[in-house]
J.: 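The structure that follows is given in the form of structure tokens.
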Amino acid sequence: NMDVLKELLTVDKDVWMDDVKDQKEYFAQFGDRLPAEIAKQLETPAGFIRLSGPLEHDNIVNGDGLRAVVWTQGCPNHCPGCQNPETWDYEAGFLIELDEIKKRLREFKGQAGLTFCGGEPFVQAGACKELADWVRKELHWNVWSFSGFTYEIIKEYGGAPWELLKSLDALIDGPFILKQRDLSLR
């Protein structure tokens with residue numbers, strides 16, 4: 001429905017400016033370190049990805065429509081109040097072959113797309129890009145990703161994270177900011 005879409009896309013300038021201010025304050029604590037953090041790609045053997053949990057399907061909260069969700073392991077951002085602090089450790093979780101993920105995703109019926117959550121998908125940009133490209137070509141799904149990094153930081157850094165971003169249909173970017181959490185949203 002176009003009216004619903006217009007309402008969702010209507011931006012309250014004051015709220016938007018508060019969000020920008022909060023993000024700038026959050027990232028200011030990192031100084032010059034943050035671009036280096038995105039450069040710290042989690043090292044995995046070729047053809048593998050490190051996950052924090054099992055693949056999900058029929059998920060309705062991480063994007064539009066029914067979605068498959070890949071929960072990546074490793075995050076340098078450590079946002080205060082993060083709902084997934086167990087995903088921060090680069091050594092935790094488990095390794096799985098990308099071919100095994102592809103096999104499992106092919107078995108999920110009725111999905112509209114794939115969403116990368118975490119952890120921080122952009123620290124495993126190469127593996128996530130391979131999955132994103134495969135899902136778009138083979139399953140004809142759209143691909144979304146959450147990231148604690150902003151679009152601007154990803155673009156500035158370039159490299160594998162930028163290539164992953166270019167493979168996405170949607171990016172939900174920026175750090176989790178605890179004071180903006182609203183449990184009344186439905």
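Remember, it's a predicted structure, so these values are computed and weren't measured experimentally.
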J.: Quick check: closest heavy atoms across Trp88 and Cys82, and the distance to 0.1 Å?
T.: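 Heavy atoms of Trp88 and Cys82 come nearest at NE1-SG, 3.6 Å.
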J.: Are Glu130 and Lys102 within salt-bridge range, i.e. N to O under 4.0 Å?
T.: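 Yes, charged N to carboxylate O under 4.0 Å.
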J.: Show the nearest heavy-atom pair for residues Ala112 and Gly65, with the distance to one decimal.
T.: CB-CA, 4.3 Å
J.: Examine distances only and state if a side-chain atom of Asn59 and a backbone atom of Arg67 form a donor-acceptor pair shorter than 3.5 Å.
T.: no
J.: Nearest 0.5 angstrom please: Trp162 CH2 to Ile153 CD1, how far?
T.: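 Reported to 0.5 Å precision, the distance equals 13.0 Å.
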J.: Considering only heavy atoms from C-beta outward, does the side chain of Tyr151 approach that of Leu165 to under 4.5 Å?
T.: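 Counting from C-beta outward, Tyr151 and Leu165 do come under 4.5 Å.
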J.: With a 4.5 Å cut-off on side-chain heavy atoms, are Gln124 and Phe116 touching?
T.: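 Answer no - side chains too far apart.
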J.: Would you say that Leu105 contacts Gln111 through its side chain, given a criterion of any heavy-atom pair below 4.5 Å between the two side chains?
T.: no
J.: For Leu95 and Pro45, work out which heavy atoms get closest and say how close.
T.: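 Nearest pair, atom of Leu95 first, then Pro45: CD1-CD, 3.9 Å.
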J.: Is the closest side-chain heavy-atom distance between Gln83 and Phe176 below 4.5 Å?
T.: no
J.: Would you say the side chain of Leu55 lies within less than 4.5 Å of the side chain of Val69, judging by non-hydrogen atoms?
T.: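 Not in contact.
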J.: From Phe146 CZ over to Phe122 CZ, what is the distance, rounded to the nearest 0.5 angstrom?
T.: 12.0 Å
J.: One pair to check against side-chain contact (heavy atoms from CB on, under 4.5 Å): Cys128 and Val70. What are the steps and the verdict?
T.: CA-CA 9 Å; Cys128 289; Val70 171; 5.8 Å; no
J.: Between Glu163 and Lys166, does at least one N-O distance fall below 4.0 Å, as a salt bridge requires?
T.: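 So Glu163 pairs with Lys166 through a salt bridge.
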J.: Strictly below 4.0 Å, N to O, side chains only: are Asp133 and Lys129 in salt-bridge contact?
T.: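 A salt bridge links Asp133 with Lys129.
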J.: Look at atom CG of Asp64 and say whether more than 12 heavy atoms of other residues, nucleotides or ligands are closer to it than 6.0 Å.
T.: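 Result for CG/Asp64: open.
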J.: For the residue pair Tyr90 and Cys75, what are the closest heavy atoms and their distance?
T.: CE1-N, 3.6 Å
J.: How far apart are the closest heavy atoms of His140 and Lys137, and which atoms are they?
T.: CE1-O, 3.2 Å
J.: Do Val135 and Trp71 belong together in a cluster built from hydrophobic side chains that touch within less than 4.5 Å?
T.: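 The answer is no; the residues belong to distinct hydrophobic clusters.
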J.: Heavy-atom distance under 4.5 Å between the side chains of Val123 and Pro76, does that happen here?
T.: yes
J.: Without swapping roles, check the side chain of Glu97 against the backbone of Phe48 for a donor-acceptor pair under 3.5 Å.
T.: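 Absent.
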J.: How long is the span from the CZ atom in Phe108 to the CD atom in Glu56, to the nearest 0.5 Å?
T.: 9.0 Å
J.: When rounded to the nearest 0.5 angstrom, what distance separates CZ in Arg104 from NE2 in His57?
T.: 11.0 Å
J.: Any sub-3.5 Å donor-acceptor pair from Asp58's side-chain atoms to Leu66's backbone N or O?
T.: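 A pair under 3.5 Å: no.
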J.: When rounded to the nearest 0.5 angstrom, what is the spacing between CD1 in Ile172 and OG in Ser145?
T.: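 Between Ile172 CD1 and Ser145 OG, I get 7.0 Å after rounding to 0.5 Å.
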J.: First locate atom OG1 of Thr44, then atom CD1 of Ile96, and finally report the distance between them rounded to the nearest 0.5 Å.
T.: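 Here the interatomic distance stands at 12.5 Å.
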J.: With a 4.5 Å limit on heavy-atom distance, are the side chains of Glu120 and Thr72 in contact?
T.: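 Heavy-atom side-chain distance check fails, nothing below 4.5 Å.
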J.: Which heavy atom of Ile101 sits nearest to which heavy atom of Leu51, and what is that distance?
T.: CD1-CD1, 4.0 Å
J.: Measuring only between side-chain heavy atoms, which start at C-beta, is Trp134 closer than 4.5 Å to Leu139?
T.: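 Side-chain contact under 4.5 Å: yes.
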J.: Determine whether Asn62 and Trp144 satisfy the following criterion, side-chain contact (heavy atoms from CB on, under 4.5 Å), listing intermediate values before the conclusion.
T.: CA-CA 8 Å; Asn62 288 302; Trp144 291 30; over 6 Å; no
